[in-house]
Every structure is written in structure tokens, then in C-alpha cells.
Undergrad: 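This structure is in C-alpha cells; I'll ask about it shortly.
From a predicted model like this one, the values you see are computed outputs, not experimental measurements. Just so you know, these numbers use all the heavy atoms, side chains as well, and skip hydrogens, waters and symmetry mates.
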Amino acid sequence: MARMGLAPVLGYLIVEENFNVALGVFVLAGVTDLLDGFIARNWANQKSALGSALDPLADKILISVLYVSLTCANLIPVPLTSMIILRDAALIAAVFYVRYKTLSPPRTLSRYFNPCYATAQLKPTFISKMNTAVQLILVAASLAAPVFNYVDSVYLQTLWCITAFTTVTSGYSYYHYGRKTVQVIKNKWSGPGDQR
């Protein structure tokens, strides 16, 4: 939730070209992500269906806002941001489709959007994890570029190419492996709307 809340703040700071503060807020968002993962790995009672849904959603929102705002600030090229947004939109659409297909009847809106009633889990591919890391490295490097005066660096442009490659490759990996990346959960949960 902290990452989701920080996303619009970061976007505003970047568009207003307040890069020093934006870099600090980005580091804070990164710390919340690391802390979240550490807690989930080390304390089993802190894992939840809601948390497993919110974590990747928070990442997608944060990355999307960062890339759009950095593109508005002319720090990341438009084609690269478009590629990242399109890939994420396709993944979100696939998640909604999988949710619909794995939800047992009756398929009501209250059951469909109930995060406590998990029906499937998306398992990220290795290249997708690499892509997320590369995207975040590019964001950090792009935010730091105007602060440390290396906006036109060839290394930054090389990072654009690497990010574009991992984005396309990770999108293809989900398409290629398809069902192997989705784990259907046999859920015994019974709540409002369940007639079983």
C-alpha cells in the first residue's frame, strides 16, 4: 500500500523535475518492497492471498507511473515506455481472463473481485524476474542522471536497449510457456455467494 501511495508522489516530483527528492522517495519505495519480501519469506503467518495479489500490483503501478513520468521529463524514450506499458497491459488482461476461467460458478462480481478468494497464482518466469530488476535499475539510473549529470551517457542508452530486449523476451516467455506459469489453486474457501 505504501508503494501504491508513493507512486503518484513520485510521478509529480519527476514531472516537476524535483529529481533529488524523487530519488530519495524512490529509494524509500524500494526499501518497502525489500521489507515486504523479507517479512513474507521469514514469517509464514504474514503471507496472505491479499498480499500476494497486492505485491505485484504495487510493482506494476509503481513501474508504470515511473516510466510515464520519466518519459514526460525526457529521460526515457517514448517507444521503450510504450513497450513496457503494452506488455503490462497484456499481462493484466491475461490475469483477468485466467481469473474468470478458474472461478467456479456462480461467477458473481463480488466473488470475482474478492482478493481473499484466490483461484490461481501466476508464477513469474526467470526472464520476467530479470526484466523487473532491469526495469528498476533503469529507473534508478534515469532518476540519478540529472542529479549526477550523466543524462546523455552511452551507458544509459545501452541500458535502454537491454531493458527493451528483456521486456520483449519476458512477454514472449509468458506467451510461450502459457499454462506452465499459472498454478490453479484448489480453494476450499466458502463465503457469500458460494452455494457449495
Undergrad: Tell me, yes or no, whether the heavy-atom count around M4 atom CE, taken from other residues, nucleotides or ligands under 6.0 Å, exceeds 12.
TA: yes
Undergrad: With a 3.5 Å distance limit and no angle check, can you tell me whether S64 reaches the backbone of I61 through a side-chain donor-acceptor pair?
TA: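 No; judged by distance alone, with no hydrogens or angles, the pair does not exist.
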Undergrad: Report yes if some heavy atom in the side chain of F38 is under 4.5 Å from a heavy atom in the side chain of W43; otherwise report no.
TA: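 When only atoms from C-beta onward are counted, W43 and F38 do touch, with a gap below 4.5 Å.
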Undergrad: Please determine, by modelled atom types, if S128 and R87 share a side-chain donor-acceptor pair under 3.5 angstrom.
TA: yes
Undergrad: Are F148 and L23 side-chain neighbours, meaning at least one heavy-atom pair lies under 4.5 Å?
TA: yes
Undergrad: For the pair N131 (side chain) and S170 (backbone), establish whether a donor and an acceptor sit closer than 3.5 Å, ignoring hydrogens and angles.
TA: no
Undergrad: Give me the one residue out of L136, V139, L138 that meets side chain to side chain contact (heavy atoms under 4.5 Å, CB included) with I63.
TA: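 The single option meeting the side chain to side chain contact (heavy atoms under 4.5 Å, CB included) with I63 is L136.
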Undergrad: With hydrophobic residues grouped by side-chain heavy-atom distances under 4.5 Å, do L80 and I85 end up in a single group?
TA: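 No, separate clusters.
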Undergrad: Give, for atom OG1 of T166 and atom CD1 of I84, the distance between the pair rounded to the nearest 0.5 Å.
TA: 8.0 Å
Undergrad: Examine the side chains of T71 and T81 and answer whether a donor and an acceptor come within less than 3.5 Å of each other.
TA: yes
Undergrad: Work out which heavy atom in L143 is nearest to a heavy atom in P146; give both atom names and the distance.
TA: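 For L143 versus P146, the nearest heavy atoms are O-CD, 3.4 Å.
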Undergrad: Give me the atom names and distance for the closest heavy-atom approach of L10 to A22.
TA: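 The pair with the smallest heavy-atom distance is CD2-O, 3.1 Å.
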Undergrad: Do T163 and M83 have side-chain heavy atoms sitting under 4.5 Å apart?
TA: no
Undergrad: Would you kindly confirm whether F26 and V21 end up in one hydrophobic cluster when ILVMFWY residues are joined by side chain heavy atoms under 4.5 Å apart?
TA: yes
Undergrad: Starting from L70, can I reach V9 by hopping between I/L/V/M/F/W/Y residues whose side chains sit under 4.5 Å apart?
TA: yes
Undergrad: Within the structure provided, determine whether L66 and I14 are in side-chain contact (heavy-atom separation under 4.5 Å).
TA: yes
Undergrad: In chain order, what residues pass the ring-ring contact (aromatic ring centres under 6.0 Å, His included) check against Y155, with sequence neighbours excluded?
TA: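 With neighbours one apart ignored, the set is empty.
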Undergrad: Does L75 reach the side chain of F19, with side-chain heavy atoms less than 4.5 Å apart?
TA: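 Yes, their side chains come closer than 4.5 Å.
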Undergrad: Shared ILVMFWY cluster between Y100 and I92, side chains joined below 4.5 angstrom?
TA: yes
Undergrad: Within this structure, what is the CD1-CD distance for the pair I162 and Q135, rounded to the nearest 0.5 Å?
TA: 13.0 Å
Undergrad: Other residues, nucleotides and ligands only: do more than 12 of their heavy atoms fall within 6.0 Å of OH on Y150?
TA: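 Enclosed.
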Undergrad: If every non-hydrogen atom of T32 is compared with every non-hydrogen atom of A2, which pair is closest and at what distance?
TA: CG2-CB, 4.2 Å
Undergrad: Could you state the interatomic distance from CG (L156) to CD1 (I76), rounded to the nearest 0.5 Å?
TA: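 Going from CG on L156 over to CD1 on I76, the span is 8.0 Å.
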Undergrad: Looking at residues at least two apart in the chain, or sitting in another chain, which of them share a salt bridge (Lys or Arg N to Asp or Glu O under 4.0 Å) with R3?
TA: D33, D36, D55, D59
Undergrad: Are Y67 and V25 co-members of a hydrophobic cluster defined by side-chain heavy atoms under 4.5 Å apart?
TA: yes
Undergrad: Rounded to the nearest 0.5 Å, what separates atom CG in N18 from atom CG in N20?
TA: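 Between N18 CG and N20 CG, I get 7.0 Å after rounding to 0.5 Å.
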Undergrad: Kindly compute the distance separating CD (E16) from CG (L13), expressed to the nearest 0.5 Å.
TA: 8.5 Å
Undergrad: How long is the gap from CG on D88 to NZ on K60, to the nearest 0.5 Å?
TA: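 Nearest 0.5 Å value for the CG-NZ distance: 4.5 Å.
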Undergrad: Take a 6.0 Å sphere around CG of D152 and say whether it holds more than 12 heavy atoms from other residues, nucleotides or ligands.
TA: no
Undergrad: Looking at C72 and V15, what are the two nearest heavy atoms and their distance?
TA: CB-CG2, 4.4 Å
